[in-house]
Structure formats: C-alpha cells, structure tokens
There are 2 protein chains.
Amino acid sequence: MEAALRLLDQVGLPDLTMRRLALELDVQPSALYWHYANKQTLLAEVSNAIVAFTRPAGAADNWQQKVLREALNLRDALLAFRDGAEVVSSTLALGLGASDAVSRIEKSIALTDSKLVKAAAESIVFLVLGSVWHEQQRMQANSLGVADNLLDEINAPARNLEVGLELIIAGLNEAKVKA
Amino acid sequence: MEAALRLLDQVGLPDLTMRRLALELDVQPSALYWHYANKQTLLAEVSNAIVAFTRPAGAADNWQQKVLREALNLRDALLAFRDGAEVVSSTLALGLGASDAVSRIEKSIALTDSKLVKAAAESIVFLVLGSVWHEQQRMQANSLGVADNLLDEINAPARNLEVGLELIIAGLNEAKVKA
DNA sequence: ACCTGAACACCGTTCAAGT
DNA sequence: ACCTGAACACCGTTCAAGT
C-alpha cells in the first residue's frame, strides 16, 4: 500500500497499474493478489491513507469556523497526492472507504439534528472532492503545456470552494436559529 | 455517440469499450477513430447528451424554488442512464464538457454578484454529481445481490441531496439579504 | 470520405506449482 | 506463508492499405 501511494504520487492514477506496482516491488504481478483481493481493495486502502493525512483542526472560536477549517484541511490532504481527489471520490462512491472524511466533518458540526448534520457533512465532502478533482486535472493539463488561461483563474477553484462551503455553513446557521 | 449512450445504459461504464462499441456497430474498432480522436472525446459527447436530457424547469414562485427544481432535474437526467453521474463527473473534471449543467443552474440564481453565482452553481453541480454517483453505485451493488440494508436507507441519498441543496439556497438567500 | 487488417504495447486476474 | 510461471481474456490506439 505504501508503495502504491508513492507510485500514485509519481505517475498518476492512469499509470498506477498492478503490473507497474509489482515491478516497483521486484515481484511478479500475481504476488500482489496474495495481499489484496483486487485492485479496488488496494485503492480503497490508498484512499484511506490519503484521507488520514488530513491534519487535525485545532481549537476554533466557534463550530462554524471549525467546520470550515476541517473542510479546508481535507482539501489540503487531497492536494498533497497526485490524483488524490479522484482516488478518494471513486472509493467513496463505491462505498469501500473514505468514510472517515465524512465523519470528521460530521463531528465538527455542533447541531442536534443528526439527519441534518449527516446530510450537511456528506454535502461538504462532495463539494471538496468535486472542487479538488477539477483543480488537480487542471493543474495536470497546465503542466502539460496547455496554454494556461487568465492569471485571474489560477486561484479560482480555491475561492469558489470557500464560497460554497460558506454558503452551506450559513445555511446550517439559519437552521440553528430556527430550531 | 447514440450507440455509445445506448451501450452505456445496457452494460455500464466498465464494459463500454471501444471494441464492444465497434461490435455493436458492425465495424472494426479502428473505424471509430475516424469519427473520434479518442475514447475521452467520445465520452465527452455522451456526457453532453446526458446533461442535455435535463428537462426544463417551468415557471416557479421564486428563484429559490427554481434553483432547487433545476438541480433535481439534473439529478433525474443523471439517473436516467446507467453510470450517468460517473461519466459526467469525469468529463467535467477533465474540462471536456458538461459545462451546460453549471450554466443552467447559474442562470436560475437571480442574484447580481456574478462570482458568487458562479461559485454557488458549481457547488450545486458537484453536490448533485457526488450524490447521484454514490446512489448509482449503491443501486448496482444491491442489484448484484449484496444484502440491501435497512429499508430506511433506500431513499436516503435523495433526501440528503435535498437537504444539501436547501442549505446552499438558504445561504444564498442570506447573502441576498446582506446585499 | 470512410473503413479494414494487422499489429503494438499494454491491462487485471487466476491458478497450479514451487519454497 | 508467500511467491513464481504461465496463461486467459481482454484493453486503447496507430497506421498502411483498401474502396
């Protein structure tokens, strides 16, 4: 798994193949199947490792600020590995892992309506994943010599994400007022 | 492209291969490369077709309601094709299409701050894509005989999505009050 | 303009057999 | 317990050549 995470960061998801990983480990491809049932299972563990890389959000003035920080720390963890967001998105969609990402956000929302909290946490994670996935693809495209667009748009994904997060948090805040 | 969309709905994304598509069209695989530069380009057009399937949201009492309806209509379009959300997610991430989804939502948000509107629309699309992707994988897993869980959880994705959307809309509403 | 034939350089996975 | 060897059943893509 550690070798897989390293290889992912070096060559990207499309080139992270079982055969190439075996080569890296000086082993036959078939040997990997003693340790993992299949590639998806391996990727699920890689995904969990990426999410676990999320740095803890220290103390905050209020839970609204803590939720925002927790989400941005998840963003940083995804950005720390090439194609991190795509790997975690797939794993989460398949229901094979990455659920720690949701539960961390969930815990930081200090409201009592547990269904609301769960839905909000899931929404926040989808938002972060979508934003970073988009951003990582764009980074790669630009590094491959595709003429980068207006300088104005370089930090756009980060700002857009923060706006989206703040909208959700503002919505939660109003729900709190109502209750 | 029409054949590809049909095949996607029949066999799912993992089995939508160029070779299988060629078989369906009674043609050699290489023939497809006269019409499309590569598989991604073809998938981008499939993705656009799925998004174009979104039914128009008629008149509404207010823009808040219209935004909600537009998002749920996008949801329905994605659900209308097997693995629809995954296909559109990838295409959008790669920046190869599906941008109509964002601009439709954008137009339905009747606020003047264009940066805010854009960020909100993008957030809503990420939310819908993440939710439906998750839901479609779960549908497939269940249909493959994986013991389906508590009946309570069957409609959970749909409700969670609506909650998330309402939080964003509530946030937008407050932004409007401030302005 | 559109397609075939043939090839290139790969994939994930299984499974008997080895140590 | 862990790995090799060999195979199975595939992939996406290119490109000369055909009509």
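Chain letters run A, B, ... following the sequence lines, proteins first, then strands; residues in each count from 1.
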Do A:Val46 and A:Phe81 have side-chain heavy atoms sitting under 4.5 Å apart?
no
Nucleotide paired to C:dC8 in any strand shown, Watson-Crick or G-U, under 3.5 Å:
D:dG12
DNA chain C: A:Gln40 or B:Pro29, which has the more 5' nearest nucleotide?
B:Pro29
Can you check the A:Arg20 CZ to C:dG12 P distance for me, whole Å?
12 Å
Integer angstrom distance from the C1' of D:dA9 to that of C:dC10
14 Å
Measure OH/B:Tyr33 against P/D:dC11 and give the value in whole Å, please.
11 Å
To the nearest Å, give me how far apart CG (A:Leu43) and C1' (C:dG12) are.
12 Å
From C-beta outward on B:Met18, which listed nucleotide comes closest to its side chain: C:dT4, C:dT13, D:dG12?
D:dG12
Report the distance from atom CG of A:Leu25 to atom C1' of D:dT4, rounded to the nearest whole Å.
15 Å
So B:Arg75 and B:Glu135, salt bridge (Lys or Arg N to Asp or Glu O under 4.0 Å) or not? Walk me through it.
CA-CA 11 Å; B:Arg75 186 188 108 101; B:Glu135 183 175 2; 2.9 Å; yes
The Watson-Crick or G-U wobble partner of C:dA17, with both key distances under 3.5 Å, is none
Can you figure out which of C:dT13, D:dC11, C:dT14 approaches the side chain of A:Arg19 most closely?
C:dT13
Under a 4.5 Å cut-off applied to non-hydrogen side-chain atoms, are A:Leu94 and A:Thr91 in contact?
no
I'd like a table of atom pairs between the protein and nucleotides 1-3 of chain C - only N or O on both sides, under 3.5 Å - with the distance next to each one.
residue: C:dC3; atom: OP2; partner: B:His35; partner atom: NE2; Å: 2.5

To the nearest angstrom, the CG-P distance between B:Leu32 and D:dC11 comes to 13 Å
Within the 4.5 Å heavy-atom criterion, are B:Glu166 and B:Gln64 side-chain neighbours or not?
no
D:dC11, OP1 or OP2 - any side-chain N/O from B:Thr17 closer than 4.0 Å?
yes
Do B:Val51 and B:Val87 belong to the same hydrophobic cluster, where Ile, Leu, Val, Met, Phe, Trp and Tyr are linked whenever their side-chain heavy atoms lie under 4.5 Å apart, directly or via other members?
yes
Report the distance from atom CG of A:Asn38 to atom P of C:dC11, rounded to the nearest whole Å.
17 Å
Modelled atom types, side-chain donor and acceptor of A:Gln136 and A:Asp83, under 3.5 Å
no
B:Lys39 NZ to D:dT13 P: how many Å, rounded?
8 Å
Please give the nucleotide sitting opposite D:dC3 as a Watson-Crick or G-U wobble pair, both distances under 3.5 Å, or none.
none
Check whether any side-chain heavy atom of B:Gln10 sits under 4.5 Å from a side-chain heavy atom of B:Glu24, and report yes or no.
yes
